2 protein chains.
Amino acid sequence: MSTGQETTGGEVEPWDEVTPDAARRLLVAAVEAFAERGYHATTTRDIAGRAGMSPAALYIHYKTKEELLHRISRIGHDRALDILRTAARREGAAAERLADAVSSFVRWHAGRRTTARVVQYELDALGPEARAEIVALRRQVDAEVRGIIEDGVASGEFDVIDVKGTTLAVLSLCIDVARWFTVDGPRTPEEVGALYADLVLRMVGAK
Amino acid sequence: MSTGQETTGGEVEPWDEVTPDAARRLLVAAVEAFAERGYHATTTRDIAGRAGMSPAALYIHYKTKEELLHRISRIGHDRALDILRTAARREGAAAERLADAVSSFVRWHAGRRTTARVVQYELDALGPEARAEIVALRRQVDAEVRGIIEDGVASGEFDVIDVKGTTLAVLSLCIDVARWFTVDGPRTPEEVGALYADLVLRMVGAK
DNA sequence: GCCGAAGGTGAGCGCTCGCTTAGCATGGCT
DNA sequence: AGCCATGCTAAGCGAGCGCTCACCTTCGGC
C-alpha cells in the first residue's frame, strides 16, 4: 500500500557539525547518557567518563550541563524538521507525501532512538528561553504535517473531519516510537516505518 | 461513528485505597511532583512540603522515595488494566468494544494526566524487581487490546495485516496522550477519546 | 630553542541530596 | 493517673552533585 521512492530517514550520524572532536565526543556521550537515564539522573562525571575525559574537561567546551542538552535538542529538532520538510515538498500526491513523511520520520525515531528519546522527552529540563526556541521548532514540525493533510483534504484524496486533531495524532504516533522501540525487538526501523505509513493512510481515509 | 454506551474512564480520584490519610496525602503530592518535574528531579523535601509535612515524615509511611513511585505505578497500572478489561469483556461487536476501550483509556490518560504521566514515563526509575512486576502488568494491557483486535479479525469486522504491530500502535497512540495533553488546551478528555476511537477504528479497517 | 594559545587534569568548594536519629505531643487503654 | 504506641519534627550525617581553579602538557610560529 503506497510506498514509491522515499526520502532517506536519518540513518547517518548527524553530529559532524559539532567541532572540535572532543566537543563532539562529549555530546555523543551525553546523548547516550541522557537517553539511558534521563537528563536529571545523568551526572557530568558520567558524561565525561563515557567520553574518556575528566569531569573538568566538559566545561572547556560547554558552559553548563544544560547547554549540552540544548545543543542536542536543537540539532535533533533541526534534523527532524528537515526530514519532514523534504517529504512534504517533494512531488506527488498527498498520500505519497504523507506516507513518505511518516515512514521517514518513524525510521528516524526508531533508527536513531537514543537521540530521538532525548529530543522528545527531555524538553522540560531546558530553561524557559531555550525551551521557547525548541517549542517554535515543534510548531513548524506540526505545520509541515498539517500542510500535507490539508492538501489531501482539498484534493479529495483524504477524508478527515478534524484536521488539527488528526495531525496531532499522527505526530503523536510517530513520536511515541522513541519510547518503545528497541534494537533487540523483532522489527527493523524500516518495517515499523512501512507499517506506520499504512496505518496513517488509513487514519486519514486515503483513497 | 460507533459510540453507544461506554464504560467510565477514570474520572474519580482512585487513591481511596491508600491509608492512612497522611500516607495518601504524601502519595498524591508525589504524583504531582513526579508528573511536573520527573522522578529524579523531585526531592523528598518537595514531596513532604506539598503534603504540608516535614521531610522526615515521609519515612514513617514509606521506606524510600522509590517505594512511593512503585506504589503509584502499581496502582496506576492496575487502574489502566481495569479500564481496558471492562471494555474488552462487555457485550457487543469487536468494533464497539475497541472503540470503548480506546475512548475510556484515552479519557483516563487525558483526565488523570498527572498520574498517567508518572505511570507511563517513570518506569525506568524503578529498580529491577519492581520494574519486572510492572512490565508484567503491561503485557496484560497489551493482551487485552490484542484480544479485541483478534476477535474483530476473526469475525471479519476488521481488516488488519499485522495484529501485533497494530496493537502496539493503538496503545502507543493512547499512551502518548499523557505527554501532550493539557487542561489549558482546546480539547476535553471526552473529545480526544471520541476522536481517537474513530481514528483507531479506521486503523483496523472497521466495517 | 623559546613562547603563548589551546586543551587537558587533580583537587576540591559550596551545596543539596536521600535518609536517620533523638526527642516531643497526642490519645486510647488500663 | 500512668503508660506506651503512633505520628510527627528539628537537626544533621555522609555522599554525591554541578562547577571552578591552579596548574600541566602539547605544539605551531618565529
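Computed from a predicted model, the values in this text were never measured in an experiment. In what follows, chains are A, B, ... by sequence order, proteins preceding strands, each numbered from 1.
- In this structure, the CD1 atom of B/Ile60 is 13 Å from the C1' atom of C/dA25, given to the nearest Å.
- Taken from CD1 in B/Ile83 to CD in B/Glu144, the straight-line distance is 12.5 Å, to the nearest 0.5 Å.
- Summarising the geometry, the separation between CG on B/Leu26 and C1' on C/dG18 is reported as 15 Å, rounded to the nearest angstrom.
- Between A/Arg24 and A/Asp21 there is a salt bridge, since a side-chain N of the basic residue sits under 4.0 Å from a carboxylate O of the acidic one.
- Note on ring orientation: taking the six-membered ring where Trp is involved, the planes of A/Phe105 and A/His109 are perpendicular (angle over 60°, cut-offs 30° and 60°).
- No side-chain donor from either of A/Gln140 and A/His77 sits under 3.5 Å from a side-chain acceptor of the other.
- To the nearest angstrom, P of C/dG8 lies 7 Å from CZ of A/Arg25.
- A/Glu66 places its CD atom 19 Å from the P atom of D/dC17, with the value rounded to the nearest Å.
- Looking only at distances, no side-chain donor or acceptor of A/Arg107 sits under 3.5 Å from a matching main-chain atom of A/Glu190.
- Nearest to the side-chain atoms of B/Ala57 among the listed nucleotides C/dT9, C/dG7, D/dC8 stands D/dC8.
- Between the side chain of A/Arg37 and the main chain of A/Thr42, no donor-acceptor pair closer than 3.5 Å is present.
- One can place NZ of A/Lys65 at 8 Å from C1' of D/dG18, the figure rounded to the nearest angstrom.
- Atom-to-atom, OH of A/Tyr59 to C1' of D/dT20 comes out at 10 Å; the value is rounded to the nearest Å.
- Residues from residues 38-53 of chain A lying near DNA chain D, meaning a heavy-atom separation below 4.0 Å, are A/Thr42, A/Thr43, A/Thr44, A/Arg45 in numerical order.
- Checking D/dG7, C/dC19, C/dG8 against every side-chain atom of B/Pro20, the shortest atom distance belongs to D/dG7.
- Side-chain atoms of B/His61 lie closest to D/dC8 of the nucleotides D/dC8, C/dG8, D/dC19.
- Distance CG (B/Leu58) to C1' (D/dT9): 14 Å, rounded to an integer number of Å.
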